[in-house]
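Structure first, commentary second.
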Amino acid sequence: MKMKAQIGYFPDYLYIGYFPFEVNGSSKYVFKFGEFSLLEMGEKLIPQWMSQLSAYPIYVCTIFSPHVYKLFQEDCNKSGIRITFQQNFNDEIERNVRILNIVEIKNAKQFKNIMIHLVDCSSDLVLWSSNKKAFTIERRSTEYNGKTYMLDRVVVRMSEESSVFWIDTDSVSIYTISNDDKFSDFRGICETLPSFVVPTLTTYY
């Protein structure tokens, strides 16, 4: 079964401040790969794409409600996936209880086994980096309605070899932030994709 998708690069003025995490360091390539249902295709597409990129081990950062996290944790344990970091995610504005965790994925089978939790729109954040962990959790002050609040923030730290992938909240697109020259043009991106993907180039202004 073929899967149609659109790919387009993001100019700086579009993506600065766009993501629900901070990005420290420069990134050469930022593009959107989407306009398809990750609920339908994510389990097949994402683990295979990461295999073709030689991306494993992968480090996945998620923010879940306690109920969803419990289900996610159970599937991690069944699949031998190591949870390398876990803490309550503090938000003094919304004051709801959420759990942030980072797991290490060693292969495509493990990634496939937890994919339903990553694409079903029940998370506040789904973010992963290839080959090494590229994010930290830091406290940040922010102004809201004239008051200063302290919030936990996920901070992506880009290096010369970094590639980071984020699933948007409606699960129809994957955003890639990378310094990998495989992503330097549309043809290069297409060569990394599984053979069942039929991509077209689009432009974002």
Side-chain angles (χ1 to χ4, degrees), residues 10 14-34 36 38-39 41-43 45-47 49-51 53 55-65 68-69 71-73 75-76 81-91 94 96 98-108 110-140 151-159 161-180 183 189 192:
F10 264 38
L14 268 184
Y15 74 79
I16 292 175
Y18 181 84
F19 301 113
F21 48 85
E22 294 184 18
V23 180
N24 285 359
S26 61
S27 52
K28 292 191 288 187
Y29 315 112
V30 179
F31 66 91
K32 179 181 178 181
F33 169 39
F36 52 85
L38 283 166
L39 278 170
M41 300 302 299
E43 190 174 287
L45 168 68
I46 298 174
W49 186 27
M50 294 300 107
S51 291
L53 286 170
Y56 299 101
I58 283 169
Y59 294 86
V60 182
C61 177
T62 59
I63 300 174
F64 291 125
S65 68
V68 175
Y69 175 71
L71 299 175
F72 176 75
Q73 186 180 38
D75 281 345
C76 285
I81 295 170
R82 185 168 67 98
I83 298 175
T84 64
F85 181 84
Q86 181 265 320
Q87 73 171 41
N88 288 343
F89 194 73
N90 297 312
D91 186 335
E94 297 182 4
N96 55 349
R98 296 176 294 169
I99 297 174
L100 180 146
N101 72 97
I102 298 171
V103 300
E104 181 185 51
I105 306 295
K106 295 181 179 179
N107 52 58
Q110 285 185 333
F111 212 7
K112 183 177 180 180
N113 288 346
I114 62 167
M115 191 55 59
I116 186 59
H117 301 290
L118 308 182
V119 300
D120 71 352
C121 303
S122 63
S123 65
D124 290 318
L125 179 70
V126 174
L127 173 73
W128 70 89
S129 59
S130 59
N131 301 123
K132 63 180 182 180
K133 187 173 70 173
F135 27 77
T136 59
I137 316 303
E138 300 179 14
R139 297 284 279 170
R140 292 283 194 270
L151 307 179
D152 286 336
R153 293 285 288 174
V154 176
V155 180
V156 171
R157 299 193 175 279
M158 299 298 295
S159 68
E161 303 170 352
S162 295
S163 290
V164 174
F165 307 83
W166 170 61
I167 294 179
D168 68 1
T169 53
D170 56 4
S171 287
V172 296
S173 301
I174 302 169
Y175 291 79
T176 301
I177 306 170
S178 182
N179 286 318
D180 190 333
F183 300 132
I189 296 171
T192 73

Test item: Leu100 and Val154 side chains (from C-beta on) under 4.5 Å apart, heavy atoms:
yes
Euclidean distance, Phe165 CZ relative to Ile177 CD1, rounded to 0.5 Å
10.0 Å
Between the CG atom in Leu118 and the CZ atom in Phe72, the distance rounded to the nearest 0.5 Å is 6.0 Å
Test log, rule side chain to side chain contact (heavy atoms under 4.5 Å, CB included), inputs His117 and Thr62
CA-CA 10 Å; His117 301 290; Thr62 59; over 6 Å; no
Partner residues of Tyr175 under the ring pair (Phe, Tyr, Trp, His ring centres under 6.0 Å) criterion, sequence neighbours left out
Phe10, Tyr18, Phe19, Trp166
Glu161: what forms a salt bridge (Lys or Arg N to Asp or Glu O under 4.0 Å) with it, not counting sequence neighbours?
none
Any side-chain to backbone donor/acceptor pair from Asp124 onto Phe64? Under 3.5 Å, distance only.
no
Looking at Gly34 and Ser173, what are the two nearest heavy atoms and their distance?
CA-OG, 3.7 Å
Partners of Gln73 by side-chain contact (heavy atoms from CB on, under 4.5 Å), sequence neighbours excluded?
Tyr69, Asn77, Ile83
Using atom types as modelled and distance alone, determine if a side-chain donor or acceptor of Thr84 lies under 3.5 Å from a backbone N or O of Ile102.
yes
Over all heavy atoms of both residues, which pair between Ala108 and Ser51 is shortest? Give the atoms and the distance, please.
CB-OG, 3.5 Å
Glu138 side chain reached by Glu22 side chain, heavy atoms, under 4.5 Å
no
With a 4.5 Å cut-off on side-chain heavy atoms, are Thr176 and Val30 touching?
no
Cys76 and Ile114: side chain to side chain contact (heavy atoms under 4.5 Å, CB included), yes or no, with the steps?
CA-CA 7 Å; Cys76 285; Ile114 62 167; 4.2 Å; yes
Between Ile46 and Phe111 the two heavy atoms that sit nearest each other are CG2-CE2, 3.6 Å
Between Met50 and Trp128, is any pair of side-chain heavy atoms under 4.5 Å apart?
yes
Heavy-atom side-chain proximity of Val164 to Leu127 below 4.5 angstrom:
yes
Please lay out, stage by stage, how Ile81 and Ile105 fare under the test side chain to side chain contact (heavy atoms under 4.5 Å, CB included).
CA-CA 6 Å; Ile81 295 170; Ile105 306 295; 3.8 Å; yes
Euclidean distance, Lys132 NZ relative to Ser163 OG, rounded to 0.5 Å
10.5 Å
Rounded to the nearest 0.5 Å, what separates atom CG in Asn107 from atom CD1 in Ile58?
9.5 Å
Under the ring pair (Phe, Tyr, Trp, His ring centres under 6.0 Å) test, which residues partner Phe135, sequence neighbours left out?
none
Is the backbone N or O of Ser159 less than 3.5 Å from a side-chain atom of Asn179, with the two atoms forming a donor-acceptor pair by type?
yes
Got a sec: does the NZ of Lys28 have more than 12 other heavy atoms crowding it under 6.0 Å?
yes
Separation between CZ (Phe21) and OG1 (Thr136), nearest 0.5 Å, reads 12.5 Å
What pair of heavy atoms forms the shortest contact from Gln87 to Asp152, and how long is it?
NE2-OD2, 3.5 Å
Residues two or more places apart in sequence or in another chain: which of them pass ring pair (Phe, Tyr, Trp, His ring centres under 6.0 Å) with Phe36?
Phe33
For a quick test of reading the model, state the closest non-hydrogen atom pair linking Arg153 to Pro20 and the distance between them.
NH1-O, 4.1 Å
Heavy-atom closest pair, residues Ser26 and Met158:
O-CB, 3.5 Å
Checking Tyr29 now: which residues fulfil ring pair (Phe, Tyr, Trp, His ring centres under 6.0 Å) with it, not counting sequence neighbours?
none
To the nearest 0.5 angstrom, please state how far the CG atom of Leu45 sits from the CG atom of Leu38.
7.0 Å
